[in-house]
Amino acid sequence: GSRGSEKLAKYGPNELELEEKKSLLELIREQFEDILVRILLLAAVVSFVLTFVEEDPEAEGFTAYVEPFVILLILVINALVGIWQESNAENALD
């Protein structure tokens, strides 16, 4: 009817605006914008530096760097899961 035509002219079609998909680099960067993730990243860096500076004769090789490695591993897994979830959400809108 004419009411529908009037509303269409006034408000436009009833559809979602399409946004450009985010690049992989943008998705990765967004995963590290959270304050808690940044705190964990800082903790990993501090732990690595302290392990490097300390001269503990009992800690040798890789075992000395387990703590910073585990923190970084958790951050990478968190980023991968976040990217996977966001890409699934974007694909669901297609």
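Hydrogens, waters and symmetry mates play no part in the numbers below; they use all other heavy atoms, side chains included.
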Legend entry - Side-chain cluster (under 4.5 Å, hydrophobic types only) that L8 belongs to, other residues: none

Inset, instruction - State which residues pass salt bridge (charged side-chain N to carboxylate O under 4.0 Å, His left out) with E30; sequence neighbours excluded, sorted by chain then number. - result: K22

Legend entry - D34: partners by side-chain contact (heavy atoms from CB on, under 4.5 Å), with sequence neighbours left out: L36, V37

Legend entry - Qualifying residues under side-chain hydrogen bond (donor to acceptor under 3.5 Å, both in side chains), relative to E33, sequence neighbours excluded: R29

Inset, instruction - Measure the spacing between OG of S87 and CD of Q85 and express it to the nearest 0.5 Å. - result: 9.0 Å

Legend entry - Contacts of type ring-ring contact (aromatic ring centres under 6.0 Å, His included), residue F69, not counting sequence neighbours: F62

Inset, instruction - Say whether L75 and L24 are linked into one hydrophobic cluster, either directly or through other cluster members, by side-chain heavy-atom distances under 4.5 angstrom. - result: yes

Legend entry - Heavy-atom donor-acceptor pair, E26 side chain to S23 backbone, under 3.5 Å: yes

Report, one line per pair, each donor and acceptor closer than 3.5 Å where one atom sits in a side chain of residues 38-50; sequence neighbours left out.
from: R38; atom 1: NE; to: F32; atom 2: O; distance (Å): 3.1
from: S47; atom 1: OG; to: E67; atom 2: OE2; distance (Å): 3.3

Inset, instruction - Under the side-chain contact (heavy atoms from CB on, under 4.5 Å) rule, collect the residues that match up with V70, sequence neighbours excluded. - result: V66, I74

